[in-house]
Asker: 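Structure incoming, see below.
Note that ligands are numbered from 1 as they come in the structure, with each ligand's atoms numbered from 1 the same way.
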Amino acid sequence: METFTLWCSLHGLVMFLLLTTIDEGSSCEAPSSPWCFRRNVDKSMYLCEWSMNTNESNVTFDLYFNKTKIGNIKKNFHEVHEEVLIKNRSVDIWVEARVGNSICPSPKRSVVLAHIVKYEAPQNVSVTWLKTNLSLSWPAAERNPALAEVWYRRDRRPSESWEKKLININNKNYKYQVTAVNLLKDSVYQVQIRQQSTSPQVKTKLWSDWSPVVTVPAELEHEPEVSVTTTLLNGTRMMILTWKPVPTAASVTGVTYSVSDSSQECPCKRRKRRKRRTDIETNKYTVYVSYSAVNISVIAKNAAGRSPPAVIEEPAVPVADLKLCDKTLLGKKLIRTTCLQWYELQEADPRPKNVINVSGRMKKQERKLRSKNIKNYTRYLYFEHRCVAGKPQTVNMCLFYQKQGVPLSTPLDFTVFSETHNSAHLSWKPIPYEDQRGFITHYNLCITKIDTQHELIGCYNISSSLLKYRLENLTPGSKYNTTLAALTQIGEGPRASVIINTQPEKPVNVWLSLGLLFVFFVLSTTCTIILKRIQNKLFPPVPTPVIPDFTLCQPESPDMMERKEEVHELTLHHILPAEKTVTEKSSEEVGEEWDDRTDEDVEDGRSDSEGSSDECPDFTVQALWSSRKGEVTEIEQADNELELLIYRNGLVFDVKTDLDGGN
Ligand SMILES: *[C@@H]1O[C@H](CO)[C@@H](O)[C@H](O)[C@H]1NC(C)=O
Ligand SMILES: *[C@@H]1O[C@H](CO)[C@@H](O)[C@H](O)[C@H]1NC(C)=O
Ligand SMILES: *[C@@H]1O[C@H](CO)[C@@H](O)[C@H](O)[C@H]1NC(C)=O
Ligand SMILES: *[C@@H]1O[C@H](CO)[C@@H](O)[C@H](O)[C@H]1NC(C)=O
Ligand SMILES: *[C@@H]1O[C@H](CO)[C@@H](O)[C@H](O)[C@H]1NC(C)=O
Ligand SMILES: *[C@@H]1O[C@H](CO)[C@@H](O)[C@H](O)[C@H]1NC(C)=O
Ligand SMILES: *[C@@H]1O[C@H](CO)[C@@H](O)[C@H](O)[C@H]1NC(C)=O
Ligand SMILES: *[C@@H]1O[C@H](CO)[C@@H](O)[C@H](O)[C@H]1NC(C)=O
Ligand SMILES: *[C@@H]1O[C@H](CO)[C@@H](O)[C@H](O)[C@H]1NC(C)=O
Ligand SMILES: *[C@@H]1O[C@H](CO)[C@@H](O)[C@H](O)[C@H]1NC(C)=O
Ligand SMILES: *[C@@H]1O[C@H](CO)[C@@H](O)[C@H](O)[C@H]1NC(C)=O
Ligand SMILES: *[C@@H]1O[C@H](CO)[C@@H](O)[C@H](O)[C@H]1NC(C)=O
């Protein structure tokens, strides 16, 4: 049909062009000599076609093969079965057009019909970019090789002439394929093709009509730029995928996208639609997936091929601290839409490894067989999915052990650091996955003091999520043996041990007190000196008989008054020492005796009359002594000095009695 309409339109155009140049007078224009041919050597039908330039509506044709006439043809082509024709010998063919009463015969053509083949114009040409080569293919006209003429040029560049290539083609899987090389893959091209038989049987090779002009979009070189927003909806992940439009050169003839996900083992709505891929014309698509790992790929497609896929690898939804499964549907009856998955979890990364899928759609036998692959002592991430309202939903997600054991190894790199005199830090690394053999519930840390008794200080349970611990309240300068083991439900694994040496008590306090003592000493010394200086300044040592001084002390206490009176008494005793000379030595001895007693007596005196009361008698004596200085002799002076000593110590009467006794 397509061929026909094309042919008609071409024909009409030619007719119109010719008619404008036709002589008005002639009744009809002779049609062209007809061609009669088969579409390929296997065909038994011959198609004859010719052309005539007329806009006359009531034209009929008669077709002649020598004497054979096929009349009353309304169109300018006609199909004839080979049975009515002489094929192996030369015949003359022509056509006569009848318009009204006029008859216009075409020129004759001598042909051997069996030798003529004219292929159909290439149809349904598909194009594919292979780097800079453009591959063109279309259904083969016949099983034999053929010749193609390919014309191509860049789109919207009328100034560029057609590149013309003659290419021999072979039939591959009922397809002819040619490759145009060294094109610009980011440009849009126009391509048209015609084809011709090369069969030796065919002596008269006619070119087929041209294929329709094919517009070839540029190559989709890059994967679509996809961005994803994921929303968790109670066990279902809603993933909204959006992607940027492809370059215009690649989308001239339209682009579609296809989104596919890898959750084929647990299908949900796929079953209803029976379609794994979805062609999308917009730049947005929403997929619903379960919580298990899934790969989603987005591919852009145009007439010249498909882009590389943009793969979104969505890992399983991370769960902060996965619990050990308390119950699973392993070995239980499953409803059709339930799907169980076991992911072998080798590291913290929950990327699927050795996934075991068990679906309610499977036969019981198959489910059993698959369940047998679940290994003992191996950690799995267990999923239980359902289909709820056509969307997959994860209803359970937990850590699974088919069978647990005790850990095979100690925690790694158990070390102590930052030891002080009473604390220490411990750190370790988890047990390698393959040695865990069970869900580590916690660590157990025990401390033993290493001394004669090897006393166990205590054991602590430490959360399995911790990898360090601080010990406190240790005794300074001690050795401790700390041991650490990991535990599963089954029991405790081997212990790692490390020795803690606490530092000796820091002599900070001793030094501090010594320092303070020293400072105190220095301070008191300086104070004493300063005080002495001040004292000396205020009360210079040079004895000056100052009466006001004496009077100053006078009113202080009645004791002083008494002592003053005693002084008077003493002055009376002046003569007595004149008789008996007191040696310096004896005075010293007396002094010593006084010294011995002073400690007690002074204290007593101080408790009674404090401060200056002691000093005042001195001044009294000095005053007295100096007042008489002029009168007394030198011997008397010495005697006075003795008196002074006696008075100074306030033991006047004792001394006096001694002296009296001596007399
Ligand atoms: C054919 O059509 C053209 C106009 O399209 C007209 O001028 C011409 O006279 C017609 N010829 C005949 C033979 O009717
Ligand atoms: C025409 O020739 C072919 C071989 O070229 C032969 O097979 C066929 O029988 C011939 N037909 C007639 C009618 O002679
Ligand atoms: C057809 O006619 C031509 C000439 O008129 C003649 O040469 C030829 O042999 C004829 N063919 C047959 C099959 O009769
Ligand atoms: C067309 O022409 C034929 C004879 O040439 C005639 O019998 C027929 O009536 C015509 N038809 C029309 C519609 O003019
Ligand atoms: C060309 O494609 C159309 C639909 O795309 C199909 O109907 C037709 O059969 C195809 N033609 C050939 C020759 O394959
Ligand atoms: C393009 O085609 C040519 C000829 O077939 C071939 O030699 C060349 O390797 C092809 N280039 C690519 C990139 O495929
Ligand atoms: C979440 O899913 C569970 C199991 O399908 C269901 O029982 C529960 O009602 C759902 N919660 C919400 C908020 O939809
Ligand atoms: C289980 O399903 C996952 C994801 O659907 C798939 O990647 C994996 O190959 C499946 N495993 C088996 C053993 O079928
Ligand atoms: C996703 O793709 C990566 C890389 O191709 C593959 O290793 C992984 O198994 C895939 N995941 C799923 C769930 O198919
Ligand atoms: C796991 O242990 C159980 C009980 O000890 C045993 O029956 C089973 O065969 C073991 N499975 C595998 C896969 O080793
Ligand atoms: C430590 O955990 C074990 C259970 O594994 C328990 O029996 C024990 O009482 C815990 N010890 C402390 C100190 O909590
Ligand atoms: C520490 O304790 C562990 C376990 O009891 C023991 O094997 C190790 O020999 C001890 N280390 C020292 C230095 O005592």
Asker: Quick one: is the NZ or CZ of R109 closer than 6.0 Å to the six-membered ring centre of W94, and within 45° of its axis?
Answerer: no
Asker: How far is atom 14 (O) of ligand 3 from the closest protein heavy atom, and which atom is that?
Answerer: N66 ND2, 3.2 Å
Asker: Listed by chain and number, what are the side-chain hydrogen bond (donor to acceptor under 3.5 Å, both in side chains) partners of T236, not counting sequence neighbours?
Answerer: none
Asker: In the protein, which heavy atom is nearest to atom 13 (C) of ligand 11, and how far is it?
Answerer: C459 O, 4.2 Å
Asker: So do the side chains of D209 and K118 get within less than 4.5 Å of each other, counting heavy atoms only?
Answerer: yes
Asker: Check the orientation of Y469 and Y460. Use parallel for under 30°, tilted for 30 to 60°, and perpendicular for over 60°.
Answerer: tilted
Asker: Within the 4.0 Å heavy-atom shell around R89, which atoms of ligand 3 are there?
Answerer: 13 (C)
Asker: Run the numbers for me: atoms of ligand 11, each under 4.0 Å from some heavy atom of N461, listed by number.
Answerer: 1 (C), 2 (O), 3 (C), 8 (C), 10 (C), 11 (N), 12 (C), 14 (O)
Asker: May I ask you to list the atoms of ligand 3 that are less than 4.0 angstrom from any heavy atom of I86?
Answerer: 13 (C)
Asker: Ignoring hydrogens and angles, tell me if any N or O in the side chain of E384 forms a donor-acceptor pair with the backbone of C339 under 3.5 Å.
Answerer: no
Asker: Report the part of S110 (side chain from C-beta onward, or backbone N, CA, C, O) that has a heavy atom under 4.0 Å from ligand 3; answer both or neither where that applies.
Answerer: neither
Asker: Mark yes when over 12 heavy atoms from residues, nucleotides or ligands other than N173 sit less than 6.0 Å from its CG; otherwise mark no.
Answerer: no
Asker: Looking only at heavy atoms, is any part of I499 under 4.0 Å from ligand 12, and if so is it the side chain, the backbone, or both, or is it neither?
Answerer: side chain
Asker: Can you check atom 9 (O) of ligand 12: any protein non-hydrogen atom closer than 4.0 Å?
Answerer: no
Asker: Any idea which protein heavy atom is nearest atom 11 (N) of ligand 12, and the distance to it?
Answerer: N481 ND2, 2.8 Å
Asker: Among all protein heavy atoms in this structure, tell me which lies nearest to atom 4 (C) of ligand 12, with the distance rounded to 0.1 Å.
Answerer: T483 CG2, 3.7 Å
Asker: Going by the closest heavy atom to atom 3 (C) of ligand 3, which one wins out of N88, T68, I93, D92?
Answerer: D92
Asker: Applying side-chain hydrogen bond (donor to acceptor under 3.5 Å, both in side chains), can you list everything that pairs with E472, at least two apart in sequence or on another chain?
Answerer: R470
Asker: Would you call E314 and R237 a salt bridge, taking side-chain N to carboxylate O under 4.0 Å as the test?
Answerer: yes
Asker: Find all atoms of ligand 11 within a distance of less than 4.0 Å from any non-hydrogen atom belonging to H442, and give their numbers and elements.
Answerer: 2 (O), 4 (C), 5 (O)
